[in-house]
Amino acid sequence: MTEAIHRLIEQYGLIAVFLGCVAEGESAAILGGFFAHQHIFVLWQAFLAAFLGAFAGDTAFFTLGRSFADHPYVVRLRRRPGFRRAYRLLNTHPNIFVLTNRYVYGMRLVGGIAAGLSTVSVPRFVILNAISSAVWAALFGTLGYVFGLGAERMVGQAFARHERVFVALAIGIAVAVLAGLVAHHFAGRERAKDAKEDQAES
C-alpha cells in the first residue's frame, strides 16, 4: 500500500502541489518542500509548482472579479465576511494589499475578487502577484523542507518510505486543521465588524 502511495507521489506529486496551491494552499506548498527534502522532488521544482499554483489561483480570482462582476457566484462571494474591508484596504493601500493578501488565511479568494473589482490595473496586479507568489512559495516550501530536516533528525536518516508518507500526512493534517481554526477565527471577526458597520450605516 505504501509503495503504491509513494509511486503516486513521485508521479503526480508536483501536479498535486500545483493544484493545492491554486486555492488556500499553504499545506500543499509545505508538503512540496517536505518531499523535496526526502529527494522525491527536486527543491526548485517544488518551489516552481507552488509558485505557479499560487500565481494562477490569484490571477483566476482577479479575473473573476474583473470580467464576471455580475455573475451570481461572484455576487455571493462579495457577500462573504471581510469583502468590504478588503475592498477598502485595496483603495487605500493597493500595492501592500496585493502583496500581502495571500498571507491572511481565508481572505485570499475574497481579496482576489476585490482586486478584480478595484481600479488596480492588470499589469500592476500581475507584477505584484508574481512577486508575492514567489516569496510565498519560497517561504512555505522552505518551511516544509525544514520540517523534513527536523523529522529526519528525530526518526533517523534512514527514512523508510512508509515513514515519509505518514510524516507527510501528519504535517498536512496539522497544517490544514490549524489553518481552518485560523480562518474560522478571522471569519468570525470579519462578520462582527461587518455587523457593526451595518448598524452604523442604518
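Everything quoted here is computed from the prediction, not taken from an experiment. Just so it is clear, the values below take in all heavy atoms, side chains as well, and ignore hydrogens, waters and symmetry mates.
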State plainly whether one hydrophobic cluster holds both [X] and [Y], where clusters connect Ile, Leu, Val, Met, Phe, Trp and Tyr through side-chain heavy atoms under 4.5 angstrom apart.
| X | Y | answer |
| --- | --- | --- |
| F55 | V122 | yes |
| V98 | I96 | no |
| V42 | L52 | yes |

Nearest-0.5 Å distance, [atom1] of residue [X] to [atom2] of residue [Y]:
| X | Y | atom1 | atom2 | answer |
| --- | --- | --- | --- | --- |
| F41 | F47 | CZ | CZ | 13.0 Å |
| F97 | R85 | CZ | CZ | 10.0 Å |
| F35 | I30 | CZ | CD1 | 12.5 Å |
| S132 | L139 | OG | CG | 10.5 Å |
| I131 | L99 | CD1 | CG | 6.0 Å |
| Y87 | I113 | OH | CD1 | 12.5 Å |

* Structure fact -> Contacts of A137 meeting side chain to side chain contact (heavy atoms under 4.5 Å, CB included) (sequence neighbours excluded), chain-then-number -> A50, F51
* To do: Please name all residues satisfying side chain to side chain contact (heavy atoms under 4.5 Å, CB included) with I15, sequence neighbours left out, ordered by chain then number.
  => Y12, L19
* Worked check of side-chain contact (heavy atoms from CB on, under 4.5 Å) between F83 and L77 -> CA-CA 8 Å; F83 177 83; L77 290 175; over 6 Å; no
Return a table of donor-acceptor pairs under 3.5 angstrom between the side chains of residues 62-71 and protein atoms on other chains or two or more places apart.
| from | atom 1 | to | atom 2 | distance (Å) |
| --- | --- | --- | --- | --- |
| T63 | OG1 | T59 | O | 2.8 |
| R66 | NE | G116 | O | 2.6 |
| R66 | NH1 | V120 | O | 3.4 |
| R66 | NH2 | G116 | O | 3.4 |
| R66 | NH2 | S118 | O | 3.1 |
| R66 | NH2 | V120 | O | 2.6 |
| H71 | ND1 | Y73 | N | 3.0 |

* Asked: Which is it for L31 and V17 under the side-chain contact (heavy atoms from CB on, under 4.5 Å) test, yes or no, and what are the steps along the way?
  -> CA-CA 8 Å; L31 288 177; V17 171; 5.6 Å; no
* According to the side chain to side chain donor-acceptor pair (under 3.5 Å) rule, which pairs have a member within residues 48-58, sequence neighbours left out? -> D58-R102, D58-R108
* To do: Can you tell me which residue pairs pass the side chain to side chain donor-acceptor pair (under 3.5 Å) test with a partner in residues 89-101, sequence neighbours excluded?
  => N95-R124
* Structure fact -> Residue set satisfying ring pair (Phe, Tyr, Trp, His ring centres under 6.0 Å) with F140, at least two apart, ordered chain then number -> W136
* Asked: Heavy atoms, side chains only, cut-off 4.5 Å: are R78 and L117 in contact?
  -> yes
* Closest heavy-atom contact between L90 and A115? -> CD1-N, 3.1 Å
* To do: For G33 and A46, work out which heavy atoms get closest and say how close.
  => N-CB, 4.4 Å
